[in-house]
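In what follows, a structure is listed as structure tokens, so that the remarks can point back to it.
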Amino acid sequence: MSDHNAFWADDIADEVESRDPDDPVVIKGGVSPSGVPHLGHFNEIMRGYFVAAVLRERGHEVRQVFTSDDRDALRGVPRRLADSDWNLVGLGEVDAGALGRNLGTPYTDIPDPFGESDSYGAHFTDLLARSAEAVGVPVEMVSNTALYESGEFEAVTREVLAKADRARELLATYQDGVGEDYVPFMPQCSECGRLTQDVRGVDLDDGTVDYVCSGLDAGGDHIEGCGHEGTATFREGKLPWRFEWPAQWRVLGVDFEPFGKDHAEGSWPSGQEIARQVFDTEPPVPMTYEWFTLDGEPLSSSAGNVVTVDEVLALLEPAVLRYFFVRNPQRAKDFDTERIDLLVDEFDRFERVYFGEETDADLKPLADRAYPFVVDEVRPERVRLPYTFAAVLGMTDDRDLRVRMARNQGFFDDDTPEWAVEEALGRVERARTWAERMDNAYNYRLQADLPETDFDADTAAALTALADFVAEGHDGETIQGQMYETAREHGVEVGDFFAAGYRLFFDDTEGPRLGEFLGELDESFVVKRLRREG
RNA sequence: GGGCCGGUAGCUCAGUCAGGUAGAGCGACGGACUCUUAAUCCGUCGGUCGGGGGUUCAACUCCCUCCCGGCCCGCCA
């Protein structure tokens, strides 16, 4: 990153431009469809998205492609999966045994455990593609398996096998355990479908390798092969990751690629050199991003600590999610589901700074630059209800009541466009979902029916008196004040009196600012409820 | 052991690249609203910028060193 711009994507774009690339500029990301795609995987898409957006704004034609590295072998069975509707399920709910028998087999050759897609790989690739769509990021999905099968990878495969000695020496400087017999190709066994590392001979003219199906190492474990001895073409197998990655750069003409910090010191340095010395191609502009944590813990598909984009979008708008990726990629960010309100408020502030509705000299340059890429459309008339206020509105299902309450607080007026009201109400739904999932201080539900109660005589009398007061017609603030008066007049502790009110309306001991909340409700309903008549 | 990236207020983070007297939001605390009851407004408190050394008139910023955390060096985004 040469220059210093307010927005990191401009630094990258500068560097891409300095190489004077041919149009279209190609931006790539990629993951193995190993399991439930989660928020962390979205780095691969969102980092590219912003760079693509900046480059397009500068007049370039840009392709944002995403490789599903779906010829990778299943190395372990994840603890949790997701069906095509994003329902997270444990292993017990699918045929786990079938998955276990497919260890060592490419994802595209494993049946979809849900029986819906063509394969395990296709299933999870599809989920990721739909996530990108939901966030409004158009990416071209490219199947790695398809690249092999169609022959698009055949030339690079031949190239690396022709230079096998150099490839081996090169890799050995980056990794231990690369021995004399190392061959940079993993054929797929024609009998059992597993990949194997055991290549016995290479025929460059025929484009084939002879192998023994003796399995492959996965972490500390070894996945057994079936022992079959056979011959595979260059299309029937795959390059090891360290070679496959630079091969993708070459075949797809990649100009920029972001990657996680796990690759920063491993695959990237070797990949650069392999690209230049084996594939005779210049590696893309790189960018390392830090990993997110989820509620302070590492995201992990295998451990099941994941939050999917689908889940995130149930809690906040796509624009807020995009904003999450605007911040410094070099720093580890925590996605704190307990405090979604803070993230959303931060976005709202970012937006106000952009529109000049709030002053923040530090934030202003970033807001000016990045905000238009975060929203679908720059619209000054939009209405953003503070997230926790939206959660308060979510205590009732009554749409009119929600609108009235927001109006009374000055968020809507006669000039508010209908679309702005709709979007604001959309946040109410999300905040409601949040309150329920977190079961937090906003998870109160206005009770349609009279809850079970057990009040002493004084409290009952005080409630009846308050009912009479409400029946006279007062606004919320006045009712709030009167509650203190009424409690004292009847010798009831103020706290106990509020608790009684919360019991009646929310069937709980706590809740929102009660008097003002009641002031928004239908008067006859409030009076009846205070009299415990229904 | 070696390497990369981080370590700034209780929390989340800007600021470090071009050295010039520490910033924001949230929280906490206090106050206002005839009112202890989570939506509003005002105010206050709050940091030896991980520790130490060096360069400089001047260091959060540059150099060295140490500590802590994550990651990589095991064909795993």
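Reminder, nothing fancy here: chain letters follow the sequence lines and each chain counts from 1.
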For [X], report the nucleic acid contact type (base, sugar-phosphate, nothing); a contact means any heavy atom under 4.0 Å.
X	answer
A/Gly40	base
A/Glu346	nothing
A/Ala264	nothing
A/Val494	base
A/Tyr182	base
A/Gly266	sugar-phosphate
A/Arg513	base
A/Glu516	base
A/Tyr174	sugar-phosphate
A/Asp72	nothing
A/Asn328	sugar-phosphate
A/Pro512	sugar-phosphate

Got a sec: does the CD of A/Glu140 have more than 12 other heavy atoms crowding it under 6.0 Å? yes
Looking at A/Glu180, I'd like to know if its CD atom is crowded, meaning that more than 12 non-hydrogen atoms belonging to other residues, nucleotides or ligands lie closer than 6.0 Å.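 It does not: A/Glu180 CD has 12 such atoms or fewer within range.
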Nearest to the side chain of [X] - [options]?
X	options	result
A/Asp360	B/C35, B/A24, B/A77	B/A24
A/Pro240	B/A38, B/U12, B/C75	B/C75
A/Lys261	B/G70, B/A39, B/C75	B/G70
A/Glu265	B/G3, B/C73, B/C75	B/G3
A/Val31	B/A77, B/C26, B/G6	B/A77
A/Arg331	B/A14, B/C76, B/A38	B/A14
A/Asp262	B/U36, B/A14, B/A77	B/A77
A/Thr388	B/A77, B/C5, B/A39	B/A39
A/Lys333	B/A14, B/A38, B/A77	B/A14
A/Arg75	B/G6, B/A24, B/C76	B/C76

If we take the [atom1] atom in both [N] and [M], what is their distance in whole Å?
N	M	atom1	result
B/C33	B/A14	P	40 Å
B/G46	B/A22	C1'	13 Å
B/A59	B/G52	C1'	15 Å
B/G47	B/U8	P	15 Å
B/C63	B/U16	P	15 Å
B/G27	B/U12	C1'	11 Å
B/C62	B/C49	C1'	16 Å
B/G50	B/C41	C1'	38 Å

Separation of [N] [atom2] from [X] [atom1] (nearest whole Å):
X	N	atom1	atom2	answer
A/Tyr289	B/C72	OH	C1'	14 Å
A/Asp348	B/U12	CG	P	21 Å
A/Asn5	B/A18	CG	P	14 Å
A/Phe389	B/A38	CZ	C1'	14 Å
A/Leu195	B/C75	CG	P	15 Å
A/Leu343	B/C11	CG	P	19 Å
A/Glu477	B/U34	CD	C1'	11 Å

Does [N] have a Watson-Crick or wobble partner in any strand here, with both distances under 3.5 angstrom, and which is it?
N	answer
B/A38	none
B/C33	none
B/C49	none
B/U56	none
B/G69	B/C5
B/G74	none
B/A22	none

Going by an N to O cut-off under 4.0 Å, is there a salt bridge joining A/Arg513 and A/Glu516?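 The answer is yes: the pair qualifies as a salt bridge.
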For [N], does OP1 or OP2 lie under 4.0 Å from any side-chain N or O of [X]?
X	N	result
A/Trp241	B/A77	yes
A/Arg242	B/C73	yes
A/Gln175	B/C75	yes

Quick one: is the NZ or CZ of A/Arg47 closer than 6.0 Å to the six-membered ring centre of A/Trp8, and within 45° of its axis? yes
Between [Y] and [X], is there a side-chain donor-acceptor contact under 3.5 Å, judged purely by atom types and distance?
X	Y	result
A/Tyr182	A/Gln197	no
A/Asp341	A/Thr388	no
A/Tyr289	A/Gln330	no
A/Gln64	A/Tyr49	no
A/Gln248	A/Asn144	yes

Which atoms of nucleotides 41-45 of chain B (N or O only) lie under 3.5 Å from a protein N or O atom, and what are those distances?
none

Heavy-atom nearest nucleotide on RNA chain B for A/Leu342 versus A/Glu290: which residue maps closer to 5'?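 In this pair, the answer is A/Glu290.
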Using heavy atoms to find the nearest nucleotide of RNA chain B for A/Thr509 and A/Gln197 separately, return the residue whose nucleotide is more 5′.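 Nearer the 5' end of the strand: A/Thr509.
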What is the minimum heavy-atom distance between A/Thr288 and A/Lys261, and which atoms define it? CG2-CA, 3.5 Å
Gap separating the CG atom of A/Asp198 from the CG atom of A/Leu216, nearest 0.5 angstrom: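 It comes to 11.5 Å.
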Using the side-chain hydrogen bond (donor to acceptor under 3.5 Å, both in side chains) rule, take A/Asp70 and A/Thr145 through it: C-alpha gap first, then chi angles, then the decisive distance, then the call. CA-CA 6 Å; A/Asp70 51 9; A/Thr145 294; 3.1 Å; yes
